[in-house]
Peer 1: 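Could you have a look at this structure, given as structure tokens, before my questions?
We count ligands from 1, going down the list as the structure has it; atoms in each ligand are counted the same way.
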Amino acid sequence: MRMATSATKEDGALRRAIEALGPWFQNLRIGGIETAPDHFLGDYPAFKFARFEPALPQDLTGKTVLDIGCNAGFYSLEMKRRGAAEVLGIDTDDRYLAQARFAADALGFSDMRFEKLSVYDVGALGRRFDLVIFMGVLYHLRHPLLALDLIREHVAGDLMLFQTMQRGPADVLQVPEDAPFHVAATDQPPTYFDNPAYPRMHFIERRYAGDWTNWWAPNAACSQAMLRAAGFSIEAQPEEEVYLCRVAPVPYADWMGEPAVYPARGSKP
Ligand SMILES: C[S@@+](CC[C@H](N)C(=O)[O-])C[C@H]1O[C@@H](n2cnc3c(N)ncnc32)[C@H](O)[C@@H]1O
């Protein structure tokens, strides 16, 4: 009887601590308590993770992981559970970082680190990681391609797990190497830009889904083209909006460093 009472007290204290750190965006399970049981997407992100987790290495023993936009640390924790030697989560929001630190501690992973750092400042880390996680952040950024360029330049060492909200068709147009500036009035579609499967980034000037921090909504062709343009090859697309990428040569690196005399320089490599 006494044990039951003290267990109930502990439960109550844990619940109060979790509530004090709320509201939570990620639904974690800590000591049998859910942090965001009423999430508008359901059991988020566990239900999403279940769909693509087989695409990730099951054993991360000895590997280093950087989780950019880590929020309460769901993906960081999952990578730690797979044996990662080092997991660093970064985010710009102190409330989420406090949640992540609390969760890691409560779940017995006190060697995980969570630091306040923007994706735009990843160069300050001064090193690369075997696995970079960049999930659910791109469309919240005002400068998404810059973020991918910086990740590629400074921290991506091998794999990157990437997710973005996508809107528009899932079809992907095989874009030609080049296209004429002038098109005939009779051409259909009038230009290749009018093809719905052309890489397209929808700009969100106001709010989307009640959230003013949504700035962009690429279609699938655009997500894929941006990843390639930043120097990532797409190894797998285990879910519509999720890509497992690998570091690859940056296709236009030389071209970008040269003077912008476009027509005279010939084509991009
Ligand atoms: C939609 S949540 C995604 C959280 C988590 N990665 C996931 O997939 O569940 C976006 C996260 O990105 C963080 N964020 C926004 N801008 C950021 C930036 N410039 N650098 C790093 N994190 C950022 C937010 O604070 C938030 O935790």
Side-chain angles (χ1 to χ4, degrees), residues 21-29 34-53 55-56 65-81 84 87-104 112-125 129 131-156 159-167 204 207-218 223 230 238-245:
L21 287 165
W24 295 64
F25 175 67
Q26 290 184 332
N27 191 35
L28 307 181
R29 285 172 179 75
E34 294 189 32
T35 57
D38 303 321
H39 198 288
F40 76 106
L41 291 172
D43 186 7
Y44 178 89
F47 84 93
K48 237 176 145 54
F49 184 58
R51 289 189 198 150
F52 61 80
E53 63 86 12
L56 287 167
V65 177
L66 174 66
D67 184 1
I68 301 173
C70 60
N71 203 268
F74 177 90
Y75 292 111
S76 298
L77 287 160
E78 290 301 328
M79 298 308 110
K80 192 69 195 166
R81 288 186 176 120
V87 180
L88 171 61
I90 61 170
D91 205 291
T92 45
D93 193 318
D94 286 315
R95 293 165 311 159
Y96 292 140
L97 288 164
Q99 294 174 359
R101 290 182 190 119
F102 174 85
M112 293 170 66
R113 286 185 302 129
F114 296 95
E115 289 177 10
K116 187 170 187 175
L117 193 73
S118 168
V119 64
Y120 299 124
D121 297 322
V122 287
L125 293 171
F129 296 77
L131 171 63
V132 171
I133 297 178
F134 191 42
M135 299 283 288
V137 185
L138 184 97
Y139 54 94
H140 289 296
L141 302 172
R142 288 175 67 104
H143 309 290
L145 189 56
L146 173 63
L148 285 175
D149 283 347
L150 291 168
I151 291 171
R152 174 65 185 82
E153 187 174 344
H154 296 291
V155 288
L159 290 174
M160 177 170 76
L161 179 68
F162 171 79
Q163 186 268 347
T164 179
M165 169 175 76
Q166 288 180 168
R167 291 295 179 266
I204 301 165
R207 286 168 190 245
Y208 182 66
D211 184 349
W212 68 267
T213 72
N214 288 320
W215 284 104
W216 299 98
S223 306
E239 209 223 14
E240 232 172 78
E241 297 187 338
V242 177
Y243 300 89
L244 184 65
C245 309

Peer 1: Which ligand 1 atoms, with their elements, are less than 4.0 angstrom from a heavy-atom of D93?
Peer 2: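 What qualifies from ligand 1 is 25 (O).
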
Peer 1: Answer with side chain, backbone, both or neither: which part of T213 has a heavy atom less than 4.0 angstrom from an atom of ligand 1?
Peer 2: neither

Peer 1: Report the distance from atom OG1 of T213 to atom OH of Y139, rounding to the nearest 0.5 Å.
Peer 2: 8.0 Å

Peer 1: Quick one: CG on L56 to CG on L131, what's the gap to the nearest 0.5 Å?
Peer 2: 6.5 Å

Peer 1: When you measure from the heavy atoms of I90 to every atom of ligand 1, does any distance fall below 4.0 Å?
Peer 2: no

Peer 1: Using 4.0 Å as the upper bound for N to carboxylate O, is an ion pair formed by R29 and D43?
Peer 2: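 Salt bridge flag = yes for R29 with D43.
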
Peer 1: Using atom types as modelled and distance alone, determine if a side-chain donor or acceptor of Q99 lies under 3.5 Å from a backbone N or O of P23.
Peer 2: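 Yes, because the side chain of Q99 sits within donor-acceptor range (under 3.5 Å) of the backbone of P23.
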
Peer 1: Can you name the atoms of ligand 1, numbered from 1 with element, that are less than 4.0 Å from a heavy atom of N71?
Peer 2: 4 (C), 26 (C), 27 (O)

Peer 1: Flag the pair L21 / R101 as yes when at least one side-chain heavy-atom distance between them is below 4.5 Å, and no otherwise.
Peer 2: no

Peer 1: If the cut-off is 4.0 Å to any non-hydrogen atom of Y96, which atoms of ligand 1 fall inside it?
Peer 2: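 Taking each heavy atom of Y96 in turn, ligand 1 has 25 (O), 27 (O) under 4.0 Å.
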
Peer 1: Numbering the atoms of ligand 1 from 1, which are under 4.0 Å from a heavy atom of Q26?
Peer 2: 5 (C), 7 (C), 9 (O)

Peer 1: Parallel, tilted or perpendicular: which one describes the rings of F25 and Y96, with boundaries at 30° and 60°?
Peer 2: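 The arrangement is tilted - the two ring planes meet at 30° to 60°.
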
Peer 1: Which residue and non-hydrogen atom of the protein lie closest to atom 4 (C) of ligand 1, and at what distance in Å?
Peer 2: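 Its nearest protein heavy-atom neighbour is G69 O, 3.4 Å.
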
Peer 1: Nearest protein heavy-atom contact for atom 23 (C) of ligand 1: which residue, which atom, what distance?
Peer 2: T92 OG1, 3.4 Å

Peer 1: Look only at interatomic distance and state if D67 has a nitrogen or oxygen under 3.5 Å from any nitrogen or oxygen of ligand 1.
Peer 2: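 D67 vs ligand 1: no N/O contact under 3.5 Å.
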
Peer 1: Please confirm whether L141 comes within less than 3.5 Å of ligand 1 when only nitrogen or oxygen atoms on both sides are compared.
Peer 2: no

Peer 1: Considering the heavy atoms of G136, write down every atom of ligand 1 situated less than 4.0 Å from one of them.
Peer 2: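 Listed by number with element: 1 (C), 2 (S), 3 (C), 10 (C).
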
Peer 1: Mark up the atoms of ligand 1 that fall under 4.0 Å of a heavy atom belonging to F25, in ascending order.
Peer 2: 1 (C), 2 (S)

Peer 1: Distance under 4.0 Å to a non-hydrogen atom of H140: what atoms of ligand 1 satisfy this?
Peer 2: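 Ligand 1 atoms under the 4.0 Å threshold to H140: 1 (C), 10 (C).
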
Peer 1: Counting only N and O atoms by type, is there a donor-acceptor contact under 3.5 Å from the side chain of H39 to the main-chain atoms of Q26?
Peer 2: no

Peer 1: For residues L141 and W215, report the shortest heavy-atom separation together with the two atoms involved.
Peer 2: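 It is O-CB, 3.6 Å.
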
Peer 1: Which protein heavy atom lies closest to atom 20 (N) of ligand 1, and at what distance to 0.1 Å?
Peer 2: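 Nearest neighbour among protein heavy atoms for atom 20 (N) of ligand 1, to 0.1 Å: V119 N, 2.9 Å.
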
Peer 1: Got a donor-acceptor contact below 3.5 angstrom from the Y120 side chain to the H143 backbone?
Peer 2: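 Looks like yes, one N/O pair under 3.5 Å.
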
Peer 1: Among all protein non-hydrogen atoms, which one is nearest to atom 25 (O) of ligand 1, and what is the separation to 0.1 Å?
Peer 2: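 Ranked first by proximity to atom 25 (O) of ligand 1 is D91 OD1, 2.5 Å.
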
Peer 1: Report the C-alpha distance between Q166 and E241 in whole Å, list the side-chain angles of each, state the deciding distance to 0.1 Å, and finish with yes or no for side chain to side chain donor-acceptor pair (under 3.5 Å).
Peer 2: CA-CA 6 Å; Q166 288 180 168; E241 297 187 338; 5.3 Å; no

Peer 1: To which protein heavy atom is atom 19 (N) of ligand 1 closest, and what is the distance rounded to 0.1 Å?
Peer 2: S118 OG, 3.1 Å

Peer 1: Closer than 4.0 Å to some heavy atom of Y75 - which atoms of ligand 1 meet that?
Peer 2: 7 (C), 8 (O), 9 (O)

Peer 1: Any nitrogen or oxygen of Y44, main chain or side chain, under 3.5 Å from a nitrogen or oxygen of ligand 1?
Peer 2: yes

Peer 1: I'd like to check M135 versus N71 (side-chain heavy atoms, cut-off strictly below 4.5 Å). Are they in contact?
Peer 2: no

